[in-house]
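Notes follow once the structure below has been shown.
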Amino acid sequence: VQLQASGGGLVQLGGSLRLSCASSTNTSTTYAVTWFRQAPGKEREGVSCISRNGISSTYYVDGVKNRFTVSRDFAKNTVYLQMNSLKPEDTAVYYCATDGRSNFCPGSALATNYNVWGQGTLVTVSS
């Protein structure tokens, strides 16, 4: 079972990117999927999560709820993170992950609770 994150790149302040998290099987993305990010010199932090049924979502970082949107396409076994109005502080490597068992998003996203990870995709926001 593998997750593949893609869609990162270099964007200017205020720009947009859409990250994708695709599964090599149809099992990983049938559970809740969480996006994390890790900036240089900082710990990995949870950004957003979408539930197994795609109905509920959670945003863990203050200030991203009105700029980021998480969604999933069941037909494509893919979870997306649409990021708008990007800021330099959004610069990080973004990862998608799942614990392979949860239907709903946790109240807090701890990286140690996840055992299936995508390889990460770099997002750089220039000012």
Side-chain angles (χ1 to χ4, degrees):
V1 174
Q2 291 183 332
L3 296 177
Q4 293 182 326
S6 62
L10 174 63
V11 64
Q12 290 186 336
L13 174 67
S16 297
L17 284 173
R18 187 178 77 160
L19 306 184
S20 299
C21 176
S23 174
S24 60
T25 71
N26 63 0
T27 56
S28 290
T29 53
T30 57
Y31 293 99
V33 173
T34 299
W35 284 98
F36 286 82
R37 69 185 182 186
Q38 188 165 19
K42 296 187 177 181
E43 293 187 353
R44 194 168 297 189
E45 65 176 351
V47 176
S48 181
C49 172
I50 189 163
S51 63
R52 176 176 183 171
N53 60 11
I55 293 177
S56 64
S57 58
T58 302
Y59 297 88
Y60 300 108
V61 178
D62 291 339
V64 305
K65 184 175 183 178
N66 294 327
R67 300 188 294 120
F68 293 6
T69 302
V70 62
S71 62
R72 66 192 310 160
D73 184 329
F74 293 98
K76 296 181 178 180
N77 295 327
T78 301
V79 171
Y80 300 101
L81 184 66
Q82 177 67 44
M83 305 186 296
N84 299 327
S85 302
L86 283 163
K87 304 176 180 180
E89 51 263 43
D90 296 318
T91 294
V93 177
Y94 284 71
Y95 302 87
C96 55
T98 180
D99 62 12
R101 64 181 185 273
S102 296
N103 294 330
F104 299 102
C105 297
S108 60
L110 300 177
T112 53
N113 291 341
Y114 294 77
N115 57 356
V116 179
W117 290 84
Q119 80 282 12
T121 185
L122 176 62
V123 172
T124 303
V125 184
S126 66
S127 56

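These figures come from a predicted structure and were not determined experimentally.
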In terms of heavy-atom contacts, Met83 and Val123 come closest through CE-CG2, 3.8 Å
Residue set satisfying salt bridge (Lys or Arg N to Asp or Glu O under 4.0 Å) with Arg18, at least two apart, ordered chain then number -> none
For Gln82, look at atom CD and say whether over 12 heavy atoms of other residues, nucleotides or ligands are found less than 6.0 Å away. yes
Could you walk me through whether Tyr31 and Asn103 satisfy the side chain to side chain contact (heavy atoms under 4.5 Å, CB included) test, starting with their C-alpha distance in whole Å, then the side-chain angles of each, then the deciding distance to 0.1 Å, before giving a yes or no? CA-CA 5 Å; Tyr31 293 99; Asn103 294 330; 4.0 Å; yes
Backbone of Ala5 reached by a side-chain donor or acceptor of Gln119 within 3.5 Å: yes
Separation between CG of Asp99 and CG of Leu110, rounded to the nearest 0.5 Å: 11.5 Å
To the nearest 0.5 Å, tell me how far Asn77 CG sits from Gln4 CD. 12.0 Å
Please answer whether the main-chain N or O of Thr58 pairs with a side-chain N or O of Ser48 as donor and acceptor at a distance below 3.5 Å. yes
Might you point out which heavy atoms bring Ser20 and Thr78 nearest each other, and give the distance in Å? CB-CG2, 4.1 Å
I need the Leu81 CG to Tyr94 OH distance, nearest 0.5 Å. 7.5 Å
Is the number of heavy atoms from other residues, nucleotides or ligands within 6.0 Å of CD (Glu89) greater than 12? yes
Val70 with Leu86, same ILVMFWY side-chain cluster at under 4.5 Å: yes
Pair Tyr95-Tyr114, ring-ring contact (aromatic ring centres under 6.0 Å, His included): steps then yes or no: CA-CA 11 Å; Tyr95 302 87; Tyr114 294 77; over 10 Å; no
From CG (Asn113) to OG (Ser108), nearest 0.5 Å: 8.0 Å
State whether the side chain of Ser51 and the backbone N or O of Ser56 hold a donor-acceptor pair below 3.5 Å, judged by distance alone. yes
List the atom of Pro88, the atom of Leu13, and the distance in Å for their closest heavy-atom pair. CD-CD1, 3.6 Å
Heavy-atom closest contact (Leu10 atom, Ser126 atom, distance): CD1-CB, 4.3 Å
Are Val47 and Tyr80 joined in one hydrophobic group, where the rule is that I, L, V, M, F, W and Y side chains link up if heavy atoms are under 4.5 Å apart? no
What is the distance from atom CZ of Arg37 to atom OG1 of Thr91, rounded to the nearest 0.5 Å? 9.0 Å
